[in-house]
**Student:** 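Submitted below is the structure of interest, expressed as structure tokens.
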Amino acid sequence: MPELPEAETIARALREGAIGRTIARVRVIRPDVVANPARLFQRRLVGRRILDLQRRAKSIVFHLDDGSLLAVSLGMTGRLLMYRVGRPRRADMPPHAAVILETDPPGMIVYDDVRRFGRLELLDAAGWAARSAALGPEPLEDSFTLDVLGAILAPSRAPIRSLLLDQRKIAGVGNIYANEALFGARIHPARLAGTLQPAEVRRLHKTIRSVLARAIEARGTTIRDYRDPNGDSGGFAPRLVVYDRAGSRCRRCGTVIERTVFGGRSAFFCPSCQPAARVRVIRRRRNART
DNA sequence: CATACGTCCTGCCAGC
DNA sequence: TGCTGGCAGGACGTAT
């Protein structure tokens with residue numbers, strides 16, 4: 001569930017509370033969320049000090065004092081909860097705690113995940129570099145220019161919504177913000193990426209960045225499960241214009257928002273503001289090879 | 001190579 | 001009230 005803005009919100013909050021702490025004890029309650037063998041994961045983590053926290057795509061990355069990195073991918077329902085002083089009372093423990101890091105000074109960082117699609121992975125610097133290299137550019141960085149987006153879209157035959165979800169192409173965009181950015185750019189989600197006109201690419205470049213930035217300002221979107229490390233919901237849900245609004249009226253034109261499914265995921269759009277692809281001539285070039 | 005689809009897992013909610 | 005089917009913010013592996 002959590003996409004770039006939610007992961008960024010979590011990383012920022014943990015920067016406040018977790019940097020400088022030493023991991024004193026590691027409890028792996030649900031080994032299936034740990035990518036490493038659980039014993040190894042525990043042994044390597046205990047005694048490490050947290051030097052820094054970063055976000056990459058939808059992952060939160062702990063930088064540890066031996067040069068290793070702990071990458072946390074939240075899946076659909078993962079949460080990183082921070083208890084700055086001591087430990088929560090039993091009744092206040094999150095119900096689906098999967099991994100618990102007890103810290104010194106006394107405190108806790110709890111990874112909680114109902115569905116357990118998330119993963120915690122401890123990597124050395126080279127391992128993390130390889131993972132990061134497999135991901136596309138960060139859409140909020142200055143290096144993510146209009147030309148960079150154009151070069152990603154042009155050769156693709158995938159529906160634009162599917163392409164936006166492909167982390168190897170662009171990092172951090174998930175289903176909520178893909179749909180929101182496409183509405184802002186007035187592009188139907190099923191349009192084939194390579195068929196977008198220059199003006200449409202320009203609009204999309206702008207709306208991808210603006211919707212992500214505004215969502216970070218609002219501390220993320222909570223549809224149901226998302227919480228920040230303090231347990232608080234994000235504030236962006238009321239600003240969603242199409243996601244999860246099928247049957248409601250478009251805020252721009254009043255047309256009823258529709259929902260359709262492709263690539264196994266829901267797409268939401270305003271059929272009036274985001275018209276389907278024009279009937280287009282199918283151009284097929286004869287291939288030289290068989 | 002690129003794209004499409006099923007799968008992992010639990011809980012919630014609408015509809016009957 | 002209780003049950004059932006559908007659906008969920010992700011991403012990996014396999015098929016085509």
Side-chain angles (χ1 to χ4, degrees), chain A residues 1-10 29-35 55-60 71-80 94-99 111-121 130-132 134-136 151-182 189-195 208 211-212 215-216 218-228 233-248 258-268 287 289:
Chain A
M1 120 323 90
E3 309 181 26
L4 185 157
E6 292 74 33
E8 179 64 32
T9 301
I10 290 167
I29 298 158
R30 292 287 201 167
D32 54 350
V33 305
V34 176
R55 177 196 58 76
R56 170 75 169 123
K58 302 169 186 172
S59 289
I60 295 100
V72 180
S73 151
L74 301 159
M76 294 281 236
T77 53
R79 300 174 176 179
L80 274 170
H96 304 282
V99 174
Y111 180 71
D112 177 90
D113 191 348
V114 183
R115 294 174 72 182
R116 304 199 303 284
F117 288 174
R119 288 293 176 272
L120 281 68
E121 185 171 20
R131 283 211 165 272
S132 183
L135 297 168
I152 292 167
L153 302 190
S156 171
R157 295 166 176 278
I160 181 63
R161 201 286 312 268
S162 301
L163 182 141
L164 292 174
L165 296 186
D166 185 343
Q167 300 299 297
R168 296 166 304 183
K169 301 291 196 319
I170 299 170
V173 178
N175 206 24
I176 293 178
Y177 301 112
N179 280 281
E180 294 295 302
L182 288 168
R191 288 279 305 283
L192 302 188
T195 70
I208 288 170
V211 74
L212 294 173
I216 290 171
R219 303 177 53 83
T221 300
T222 298
I223 300 293
R224 174 176 295 139
D225 298 300
Y226 170 71
R227 296 291 184 280
D228 72 13
S233 297
F236 199 68
R239 312 252 181 77
L240 296 176
V241 284
V242 284
Y243 185 84
D244 206 24
R245 293 196 67 238
S248 300
E258 292 183 11
R259 169 183 174 272
T260 184
V261 175
F262 57 90
R265 331 269 316 254
S266 291
F268 300 89
N287 255 344
R289 46 163 308 236

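No hydrogens, no waters, no symmetry mates; every other heavy atom, side chains included, goes into these values. Residue numbers begin at 1 in each chain, while the letters A, B, ... track the order of the sequences.
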**Student:** Rounded to the nearest 0.5 Å, how far does OG1 of A/Thr195 lie from CG of A/Leu153?
**Tutor:**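 Spacing of CG (A/Leu153) from OG1 (A/Thr195) equals 9.5 Å.
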**Student:** Judged by modelled atom types alone, do A/Arg259 and A/Ser266 share a side-chain donor-acceptor pair under 3.5 Å?
**Tutor:**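 Yes, because at least one side-chain N or O of A/Arg259 sits under 3.5 Å from a partner of the opposite role on A/Ser266.
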**Student:** May I ask you to list the residues of residues 235-245 of chain A, by number, that have any heavy atom positioned under 4.0 Å from an atom of DNA chain B?
**Tutor:**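 Of all residues in residues 235-245 of chain A, none places a heavy atom under 4.0 Å from DNA chain B.
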**Student:** So does A/Asp32 pair up with A/Arg30, basic N to acidic O under 4.0 Å?
**Tutor:** no
**Student:** Return whichever of A/Pro155 or A/Arg224 has its heavy-atom-nearest nucleotide of DNA chain B closer to the 5' end.
**Tutor:** A/Pro155
**Student:** Using a cut-off of less than 4.0 Å, is there contact between a side-chain N or O of A/Arg265 and OP1 or OP2 of C/dG10?
**Tutor:** yes
**Student:** When all nucleic acid strands are considered with a 4.0 Å heavy-atom cut-off, which category describes A/Arg79: base, sugar-phosphate, or nothing?
**Tutor:** nothing
**Student:** Quantified in whole Å, what is the P atom distance between nucleotide C/dG6 and nucleotide B/dG6?
**Tutor:**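 Their P atoms lie roughly 14 Å apart.
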**Student:** Would you kindly give the CG-to-P distance between A/Leu74 and C/dC12, to the nearest whole Å?
**Tutor:**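 Result: 14 Å.
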**Student:** Could you give the CG-to-C1' distance, from A/Asp225 to B/dT10, as a whole number of Å?
**Tutor:**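 The distance from CG of A/Asp225 to C1' of B/dT10 comes to 10 Å, rounded to the nearest Å.
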**Student:** Expressed as a whole number of angstroms, how long is the span from A/Leu164:CG to C/dA11:C1'?
**Tutor:**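 The answer, rounded to whole Å, is 16 Å.
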**Student:** Tell me: CG of A/Asn179 to P of C/dA8, nearest whole Å?
**Tutor:**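 That distance rounds to 11 Å.
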**Student:** So does A/Ser266 get a side-chain nitrogen or oxygen closer than 4.0 Å to the phosphate oxygens (OP1/OP2) of C/dA8?
**Tutor:**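 Result: yes.
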**Student:** Side chain of A/Arg259: nearest nucleotide among C/dC7, B/dT10, B/dT3?
**Tutor:** C/dC7
**Student:** Provide, to the nearest angstrom, the distance between the CD1 atom belonging to A/Ile176 and the C1' atom belonging to C/dG10.
**Tutor:** 12 Å
**Student:** Looking at C/dC12, which nucleotide sits across from it as a Watson-Crick or G-U wobble partner, both distances under 3.5 angstrom, or is there none?
**Tutor:** B/dG6
**Student:** Checking all strands, does A/Arg119 fall into the base, sugar-phosphate, or nothing category for heavy-atom contacts under 4.0 angstrom?
**Tutor:**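 Nothing, no heavy atom under 4.0 Å.
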**Student:** Report the distance from atom CD1 of A/Ile208 to atom CG of A/Leu182, rounding to the nearest 0.5 Å.
**Tutor:**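 The distance works out to 7.5 Å.
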**Student:** Taking 4.0 Å as the cut-off, does a side-chain nitrogen or oxygen of A/Lys169 come that near to OP1 or OP2 on B/dT3?
**Tutor:**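 Checking A/Lys169 against B/dT3: at least one side-chain N or O falls below 4.0 Å of OP1 or OP2.
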**Student:** Does A/Lys58 place a side-chain N or O at less than 4.0 Å from the phosphate oxygens OP1/OP2 of C/dG9?
**Tutor:**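 It does not, given that no N or O in the side chain of A/Lys58 lies less than 4.0 Å from OP1 or OP2 of C/dG9.
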**Student:** Output the single nucleotide from C/dA11, B/dT3, C/dA8 whose closest atom is nearest the side chain of A/Arg115.
**Tutor:**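 Looking only at heavy atoms from C-beta outward on A/Arg115, the closest nucleotide is C/dA8.
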**Student:** Using atom P in both nucleotides, what's the gap between B/dC5 and C/dC7 to the nearest angstrom?
**Tutor:** 15 Å
**Student:** Measure CZ/A/Phe262 against C1'/B/dA4 and give the value in whole Å, please.
**Tutor:**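 Nearest whole value for this atom pair: 12 Å.
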**Student:** Among C/dG9, C/dC7, B/dC8, which nucleotide sits nearest the side chain of A/Phe117?
**Tutor:** B/dC8
**Student:** Give the table of side-chain donor-acceptor pairs shorter than 3.5 Å for residues 238-247 of chain A, with sequence neighbours excluded, one pair per line with atom names and distance.
**Tutor:**
| residue | atom | partner | partner atom | Å |
| --- | --- | --- | --- | --- |
| A/Arg245 | NH1 | A/Val241 | O | 2.8 |
| A/Arg245 | NH1 | A/Arg249 | O | 3.3 |
| A/Arg245 | NH2 | A/Arg249 | O | 3.0 |

**Student:** State, yes or no, whether a side-chain contact exists between A/Tyr177 and A/Leu164 at a heavy-atom distance under 4.5 Å.
**Tutor:**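 Side chain of A/Tyr177 against side chain of A/Leu164, heavy atoms only: no contact under 4.5 Å found.
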**Student:** Please report, rounded to the nearest Å, how far the P atom of B/dT3 is from the CG atom of A/Leu163.
**Tutor:**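 So the CG-P distance, A/Leu163 to B/dT3, works out to 7 Å.
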**Student:** How long is the straight-line distance from CG of A/Leu74 back to OG of A/Ser59, given to the nearest 0.5 Å?
**Tutor:**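 These two atoms lie 7.5 Å from each other.
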**Student:** Nearest of B/dG11, C/dC7, B/dT3 to any side-chain atom of A/Val114?
**Tutor:**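 Of B/dG11, C/dC7, B/dT3, B/dG11 is nearest to the side chain of A/Val114.
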**Student:** Could you check whether any side-chain heavy atom of A/Asp113 comes within less than 4.5 Å of a side-chain heavy atom of A/Val99, counting everything from C-beta outward?
**Tutor:**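 Sidechains of A/Val99 and A/Asp113: no contact.
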**Student:** Which heavy atom of A/Gly220 sits nearest to which heavy atom of A/Glu6, and what is that distance?
**Tutor:** CA-OE2, 3.4 Å
**Student:** A/Gly174 near the nucleic acid: base, sugar-phosphate alone, or nothing, with a heavy-atom cut-off under 4.0 Å?
**Tutor:**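 Since only primed, P, OP1 and OP2 atoms lie under 4.0 Å of A/Gly174, the category is sugar-phosphate.
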**Student:** For the side chain of A/Ser156, starting at C-beta, report the closest nucleotide among C/dG10, B/dT3, B/dC12.
**Tutor:** B/dT3
**Student:** Between A/Leu153 (CG) and B/dA2 (P), how many Å, whole number?
**Tutor:** 15 Å
